[in-house]
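Below, each value reflects all heavy atoms present in this structure, side chains not excepted, and no hydrogens, waters or symmetry copies.
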Amino acid sequence: MKEALVSSLVLLWVVQIEAIEPSQCIAPLGMESGSIRDQDITASSSFDHGNVGPHHGRVRNEVNGGAWCPQTQATPETKEWIEIDLHTVHMITAAETQGRFGNGQGVEFAESYMLEYWRPRLNKWIRYRSRTNGELIKGNINTYLESKTPLDPPIWASKIRFLPYSNHKRTVCMRVEVYGCWWTDGIVSYSMPQGDKRGPNWEFYDTTYDGHWDGEKLKYGLGQLTDGQVAPEDFKLPFHEDFRQGWVGWKNDTRENKPIEITFEFDKVREFSSVNIYCNNQFTKEVAVFSEAKVLFSVGGKRYKGEPITFDYIEDRIFETARNISIKLHHRVGRFVKLQLQFAARWILISEITFDSIPVNGNVTEEEEEIEEPPLQKDQIATPGIETKNVVSSVNPPSGLGQYLGIIVGILSVLVVLMVAVVLYVVIQQRRYKSSPRPSQVPSGCDKAALYREPSLGRLPGSSDYADVRDPEYAVPLQQPQTPRAPPPLHNFFPKPPPVPPPPERYYAATEICNTGFVPPPPPLSTPPPVRLGRQPRYVSNRTYVGP
């Protein structure tokens with residue numbers, strides 16, 4: 001498990017590195033070693049398939065006849081070829097050839113040759129041309145010495161052909177090898193307006209573009225913006241030294257202040273981290289970095305949904321050095337990426353554009369999206385069986401996001417369970433509180449016996465002339481002598497019905513009585529009749545009123 005994790009991290013690091021550097025992409029691709037299988041090597045014809053068939057055309061190998069030899073001789077009209085199928089797109093940076101040594105018996109070799117290559121998006125064979133627009137590549141001078149030639153610009157191809165060439169008829173045999181590396185950037189093509197001229201001798205064209213040049217529009221190809229080579233800071237140097245132009249430029253005067261649009265197509269749906277744009281900033285010569293860049297994403301290439309990523313560049317009027325502008329893409333997903341660059345000066349010059357991305361792994365659902373096919377050229381024959389629709393993919397979020405969602409859902413579930421437990425605990429506690437008897441609200445330090453007395457159940461002794469007696473069923477607190485009050489009403493002189501039995505708690509008192517600090521005197525042995533203050537009327541036995 002640990003080894004698998006380490007290997008995955010290493011692979012992820014390899015995929016996420018920046019654009020391929022051609023100087024580091026120099027490994028042999030497998031003709032000599034045999035990693036390219038015999039069935040992946042074909043030819044237009046062979047003089048003798050068993051002895052000099054295409055599978056014998058491997059450099060530094062001496063098997064049977066020791067090379068590939070076509071059935072016809074080489075002429076200025078290249079007709080014979082040996083083909084290598086790499087299956088996936090590779091960046092090819094060098095080619096190597098060797099004649100037929102044949103253990104000292106061979107005398108055949110090719111003095112010159114041409115290259116042709118195939119890439120799925122091109123859908124046709126393209127003749128290779130160098131930056132100086134040359135097609136011929138120097139071959140061998142004898143049958144045993146190898147001749148290795150760097151390719152400038154490099155080739156992006158899944159298939160490549162070697163075509164022997166000769167100014168006069170001659171028998172040739174070849175052993176070949178290709179050098180390069182797997183094209184991890186995943187860019188299939190980019191489309192944009194062709195560059196503009198600056199004066200009669202300066203052309204900021206994409207001279208190595210291998211797609212279709214349709215009027216002012218370049219389509220379905222690759223060129224200087226993806227070759228891994230940056231131009232010199234002074235854009236005038238290439239014109240005066242070796243005529244190698246590294247800058248592609250557009251003039252604002254011919255664009256009516258509209259942004260430059262460059263659309264990149266990738267081999268599959270990818271997740272993008274950043275884009276890097278190498279720009280010129282010679283502001284004293286009316287060249288400056290773009291003022292604003294917008295980046296849009298699409299799966300099918302027709303609809304660019306969602307808000308674009310907008311990047312504003314702060315104008316630099318101090319340093320004229322070229323610089324690499326990096327824009328974060330926040331892991332946006334798509335198979336097509338469109339850049340819109342707004343002018344900040346009269347000219348925009350760009351030498352290289354690279355993306356940091358990884359292929360998306362997830363559930364893929366197919367959707368058909370109509371994509372315009374490149375027009376046929378005069379010398380091109382339509383390939384049968386090719387439809388006008390291209391199947392592209394729309395995907396679900398990557399698996400890493402699914403793992404994070406699982407963790408978040410788990411945490412939320414735990415929180416919900418905890419909240420339910422807290423609510424249940426609170427409800428149970430409230431029910432227990434309601435079912436338990438409530439304690440008396442009389443403070444503990446208060447003596448209820450001292451505050452209350454229970455009156456006798458019988459009538460108060462004394463004259464019947466006095467009937468100021470409350471119901472004996474209710475205990476009343478002892479009170480201080482009060483002011484005189486009016487005679488009691490007559491209904492108090494009559495007996496009342498028997499009392500209702502009191503509740504278990506027979507003594508009640510307000511908490512405020514205890515809080516006032518009032519301490520009543522001890523109850524007397526017998527309850528005297530209430531004493532009335534003030535002047536009272538007197539009665540004699542014959543009920544005659546006697547004044548005071």
Side-chain angles (χ1 to χ4, degrees), residues 18-19 21-23 131-133 152-153 190-209 213 216-218 222-264 274-295 308-329 338-356:
E18 293 186 356
E21 176 64 34
S23 61
R131 289 187 184 273
T132 58
N133 208 30
D152 184 23
Y190 62 82
S191 302
M192 67 178 187
Q194 179 62 288
D196 295 323
K197 286 186 177 182
R198 180 165 179 160
N201 298 322
W202 293 355
E203 295 178 349
F204 292 107
Y205 292 164
D206 193 341
T207 56
T208 64
Y209 192 80
W213 188 347
E216 294 185 355
K217 187 75 172 178
L218 302 179
L222 296 174
Q224 291 181 186
L225 299 186
T226 55
D227 61 4
Q229 301 180 9
V230 297
E233 292 185 357
D234 187 354
F235 63 82
K236 294 182 178 180
L237 291 179
F239 296 100
H240 299 297
E241 292 182 353
D242 55 4
F243 301 98
R244 293 171 57 188
Q245 175 55 262
W247 293 105
V248 181
W250 302 271
K251 185 169 57 175
N252 191 17
D253 300 348
T254 61
R255 307 295 168 182
E256 300 178 353
N257 292 322
K258 294 181 180 179
I260 298 297
E261 285 192 357
I262 308 175
T263 302
F264 290 84
S274 63
V275 58
N276 309 289
I277 308 173
Y278 192 77
C279 303
N280 194 297
N281 193 51
Q282 291 182 274
F283 55 87
T284 57
K285 298 179 176 63
E286 301 180 310
V287 179
V289 179
F290 51 84
S291 61
E292 181 187 77
K294 290 186 177 180
V295 189
I309 294 175
T310 303
F311 176 83
D312 295 322
Y313 184 76
I314 301 176
E315 185 180 21
D316 181 4
R317 291 284 178 174
I318 300 176
F319 301 102
E320 290 193 312
T321 57
R323 71 276 318 268
N324 192 49
I325 309 301
S326 181
I327 303 174
K328 299 298 182 184
L329 301 183
K338 180 183 292 186
L339 300 180
Q340 295 179 343
L341 308 178
Q342 190 67 47
F343 285 89
R346 189 179 183 187
W347 284 89
I348 288 178
L349 298 184
I350 296 177
S351 176
E352 195 74 13
I353 298 179
T354 60
F355 290 86
D356 297 327

_Would Asp196 and Glu203 count as a side chain to side chain contact (heavy atoms under 4.5 Å, CB included) here? Give the steps._
CA-CA 6 Å; Asp196 295 323; Glu203 295 178 349; over 6 Å; no

*How far apart are the C-alpha atoms of Val295 and Lys338, what are their side-chain angles, what is the distance that settles it, and do they pass the side chain to side chain contact (heavy atoms under 4.5 Å, CB included) test?*
CA-CA 6 Å; Val295 189; Lys338 180 183 292 186; over 6 Å; no

Atom [atom1] of [X] and atom [atom2] of [Y]: how far apart are they, to the nearest 0.5 Å?
X: Phe311; Y: Leu341; atom1: CZ; atom2: CG; result: 11.0 Å
X: Leu222; Y: Asp227; atom1: CG; atom2: CG; result: 10.0 Å
X: Arg317; Y: Phe283; atom1: CZ; atom2: CZ; result: 6.5 Å
X: Thr263; Y: Leu339; atom1: OG1; atom2: CG; result: 8.0 Å
X: Leu349; Y: Arg198; atom1: CG; atom2: CZ; result: 7.5 Å
X: Ser274; Y: Leu329; atom1: OG; atom2: CG; result: 6.0 Å

Do the side chains of [Y] and [X] get nearer than 4.5 Å, heavy atoms only?
X: Val248; Y: Leu225; answer: yes
X: Phe290; Y: Ile325; answer: yes
X: Pro153; Y: Gln224; answer: no

Non-neighbouring partners of [X] that pass side-chain hydrogen bond (donor to acceptor under 3.5 Å, both in side chains), sequence neighbours left out:
X: Ser191; value: none
X: Ser326; value: Asn276
X: Gln340; value: Glu261

Who passes side-chain contact (heavy atoms from CB on, under 4.5 Å) against [X], sequence neighbours left out?
X: Glu216; answer: Arg255
X: Tyr278; answer: Val230, Trp247, Ala322, Asn324, Ser351, Glu352
X: Thr284; answer: Glu320

*Centres of the Tyr205 and Trp213 rings: under 6.0 Å?*
yes

*Do Phe235 and Trp347 make the cut of ring centroids closer than 6.0 angstrom?*
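No, too far apart.
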
*Can you tell me if NZ on Lys328 sees more than 12 non-hydrogen neighbours from other groups inside 6.0 Å?*
no

Can you name the nearest heavy-atom pair linking [X] to [Y], along with the distance?
X: Gln342; Y: Ile348; value: O-CD1, 3.9 Å
X: Ala288; Y: Asn281; value: CA-OD1, 3.5 Å
X: Phe319; Y: Asp316; value: N-OD1, 3.3 Å
X: Gln282; Y: Glu233; value: OE1-O, 3.1 Å

*Listed once per pair and sorted, the side-chain hydrogen bond (donor to acceptor under 3.5 Å, both in side chains) pairs that draw on residues 285-295, sequence neighbours left out*: Glu286-Arg346

*asked:* Checking the side chain of Asp206 only, and the main-chain atoms of Gly195 only, is there a donor and an acceptor separated by less than 3.5 Å?
replied: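 Not confirmed, Asp206 side chain does not pair with Gly195 backbone.
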
*Output yes when a side-chain donor or acceptor of Arg323 lies under 3.5 Å from a complementary backbone atom of Thr321, and no otherwise.*
yes

*What residues form a salt bridge (charged side-chain N to carboxylate O under 4.0 Å, His left out) with Lys251, not counting sequence neighbours?*
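Per chain and number, Lys251 pairs via salt bridge (charged side-chain N to carboxylate O under 4.0 Å, His left out) with no residue.
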
_Residues which pass ring-ring contact (aromatic ring centres under 6.0 Å, His included) with Phe264, listed by chain and number, not counting sequence neighbours_ =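 Here the qualifying residues are Tyr190, Phe355.
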
